[in-house]
S.K.: 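My questions all concern the structure below.
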Protein chains: 2
Amino acid sequence: MPKPPKVSPLEAHLGYWLRFVSNHVSHAFSVKLAACDVTVAEWVVLRELHGEDAVAPSEIAARIGMTRGAISKLVDRLAAKALVTRRPGRDDRRYQSLALTAAGRALVPGLAALADRNDAEFFGHLKPAERAAIEAVMREIVRRHGLRTVPTN
Amino acid sequence: MPKPPKVSPLEAHLGYWLRFVSNHVSHAFSVKLAACDVTVAEWVVLRELHGEDAVAPSEIAARIGMTRGAISKLVDRLAAKALVTRRPGRDDRRYQSLALTAAGRALVPGLAALADRNDAEFFGHLKPAERAAIEAVMREIVRRHGLRTVPTN
DNA sequence: TATTGTTATACTCTATAACTATA
DNA sequence: TATAGTTATAGAGTATAACAATA
């Protein structure tokens with residue numbers, strides 16, 4: 001008897017549906033951010049700096065699971081947009097002090113509102129219990145697998 | 001009274017948790033595929049060609065929501081790996097006939113098994129009802145928003 | 001010697017748009 | 001002229017690794 005190939009369809013995987021929805025949610029958000037000339041990766045960095053006095057690039061990299069090189073380029077762009085300042089560290093000059101500029105501080109709440117609105121567009125129709133159940137499942141998967149990085153793309 | 005900034009944390013958004021998990025699921029899958037020298041985007045094209053006699057690049061592009069230029073480059077790589085053949089169309093020579101090679105046909109079931117295993121690693125612990133509920137929510141969001149493209153990254 | 005941040009290089013994915021071959 | 005496929009260009013994101021400055 002010939003062996004059947006048994007190739008499961010893409011839609012058989014829950015990961016397929018999560019990626020499908022997640023990518024569209026992220027894309028819709030990136031379009032909203034683009035109106036403010038900010039990318040999703042830049043938003044994540046801005047959000048990390050919000051409410052902080054000074055954070056080192058390596059600290060940001062560790063928090064959001066990116067390399068120092070990637071953070072360096074992101075901070076280049078954010079500094080060029082005058083949203084973030086780089087200052088040499090006081091005690092240990094290897095460490096830089098990153099901080100939001102006044103323009104950056106002024107911008108972040110508006111971007112956060114875009115994030116709220118984007119989430120509501122896709123998930124606002126869910127019953128609170130449905131929403132909480134899905135969040136709990138995702139948190140449990142993060143915990144089980146020890147996932148650490150913040151996804152930016 | 002001063003207005004409070006009201007910057008919601010990233011974790012307040014369900015989209016954050018979906019992207020967090022989804023990106024790790026995709027990344028884990030991409031690592032498994034890399035052992036077979038295949039990317040996720042290439043896998044999606046291979047999967048579309050599986051079980052088909054001949055499909056035009058523009059048809060693939062329409063199905064998975066990529067541009068013809070992107071498909072052209074992907075097919076370049078798949079042809080270089082001898083997994084896919086390009087033949088000129090019979091009746092209308094503007095249309096190409098893409099098809100899996102014997103090597104491509106032999107490879108696809110193994111890749112599908114990797115996809116099954118990857119999904120099980122992340123979602124295998126869920127109760128069938130939990131899994132079905134999440135899939136139903138995602139399908140409903142896809143339906144509500146008329147989402148069409150297959151996510152490949 | 002170890003660590004921070006920078007830079008160079010490279011690769012994937014994506015999109016736009018100009019280009020060709022065919023119809 | 002309209003469409004299919006190709007190609008060039010660009011940009012975002014990512015990673016690795018070599019590098020300079022600092023400790």
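Numbered from 1 within each chain, the chains take letters A, B, ... in sequence-line order. Excluded from the calculations below are hydrogen atoms, water molecules and symmetry mates; all remaining heavy atoms, backbone and side chain alike, are included.
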S.K.: Could you list the residues that satisfy side-chain hydrogen bond (donor to acceptor under 3.5 Å, both in side chains) with Thr101(A), not counting sequence neighbours?
M.R.: none

S.K.: Between the protein and nucleotides 2-4 of chain D, list every N/O to N/O distance that falls short of 3.5 Å.
M.R.:
| residue | atom | partner | partner atom | Å |
| --- | --- | --- | --- | --- |
| dT3(D) | O2 | Arg94(B) | NH1 | 3.3 |
| dA4(D) | OP1 | Tyr95(B) | OH | 2.9 |
| dA4(D) | O3' | Arg94(B) | O | 3.1 |
| dA4(D) | N7 | Arg68(B) | NH1 | 3.1 |

S.K.: Please state how far atom CD1 in Ile71(B) lies from atom C1' in dC13(C), giving the value in whole angstrom units.
M.R.: 12 Å

S.K.: Between C1' on dG13(D) and CD on Glu42(A), what's the gap in Å once rounded to a whole number?
M.R.: 11 Å

S.K.: Not counting sequence neighbours, which residues clear side-chain hydrogen bond (donor to acceptor under 3.5 Å, both in side chains) with Glu11(B)? List them please.
M.R.: none

S.K.: Check side-chain contact (heavy atoms from CB on, under 4.5 Å) between Asp37(A) and all other residues, then give those that pass, not counting sequence neighbours.
M.R.: Lys81(A)

S.K.: Rounded off to whole Å, could you give me the CG-to-C1' distance for the Asp76(A) and dT6(C) pair?
M.R.: 8 Å

S.K.: Using the side-chain hydrogen bond (donor to acceptor under 3.5 Å, both in side chains) criterion, which residues pair with Glu130(B)? Sequence neighbours excluded.
M.R.: none

S.K.: How would you list, by chain and number, every residue that makes a side-chain contact (heavy atoms from CB on, under 4.5 Å) with Val31(B), sequence neighbours excluded?
M.R.: His27(B)

S.K.: Which donor-acceptor pairs under 3.5 Å do the side chains of residues 105-114 of chain A make with protein atoms, sequence neighbours left out?
M.R.:
| residue | atom | partner | partner atom | Å |
| --- | --- | --- | --- | --- |
| Arg105(A) | NH1 | Leu100(A) | O | 3.1 |

S.K.: Please work out if Thr39(B) contacts a base, only the sugar-phosphate, or nothing of the nucleic acid, heavy-atom cut-off 4.0 Å.
M.R.: sugar-phosphate

S.K.: Give me the residues of residues 27-35 of chain A where at least one heavy atom lies under 4.0 Å from an atom of DNA chain D, by number, or none.
M.R.: none

S.K.: Is there a donor on the side chain of Lys73(B) or the base of dT14(C) sitting less than 3.5 Å from an acceptor on the other?
M.R.: yes

S.K.: Give the rounded distance in Å between these two atoms: CG of Leu78(B) and P of dC13(C).
M.R.: 10 Å

S.K.: Could you tell me which residues satisfy ring-ring contact (aromatic ring centres under 6.0 Å, His included) with Phe123(A), sequence neighbours excluded, listed by chain and number?
M.R.: none

S.K.: Would a single hydrophobic cluster contain both Ile64(B) and Val84(B), if residues Ile, Leu, Val, Met, Phe, Trp and Tyr are joined by side-chain heavy-atom contacts under 4.5 Å?
M.R.: yes

S.K.: Asp37(A) CG to dG11(D) P: how many Å, rounded?
M.R.: 13 Å

S.K.: Residues from residues 84-92 of chain B sitting under 4.0 Å of DNA chain C, heavy atoms only?
M.R.: Asp91(B), Asp92(B)

S.K.: My understanding is that only residues two or more places apart in sequence, or in another chain, count here; which of them pass ring-ring contact (aromatic ring centres under 6.0 Å, His included) with His145(A)?
M.R.: Phe122(B)

S.K.: Is the backbone N or O of Val45(B) less than 3.5 Å from a side-chain atom of Arg63(B), with the two atoms forming a donor-acceptor pair by type?
M.R.: no

S.K.: Rounded to the nearest Å, what distance is computed from the CG atom of residue Leu74(A) to the C1' atom of nucleotide dA12(D)?
M.R.: 10 Å

S.K.: May I have the distance from Arg77(B) (atom CZ) to dG5(D) (atom C1'), rounded to whole angstrom?
M.R.: 17 Å

S.K.: To the nearest Å, give me how far apart NZ (Lys81(A)) and C1' (dA12(D)) are.
M.R.: 11 Å

S.K.: Could you pull out all residues at least two apart from Asp76(B) that satisfy salt bridge (charged side-chain N to carboxylate O under 4.0 Å, His left out)?
M.R.: Arg86(B)

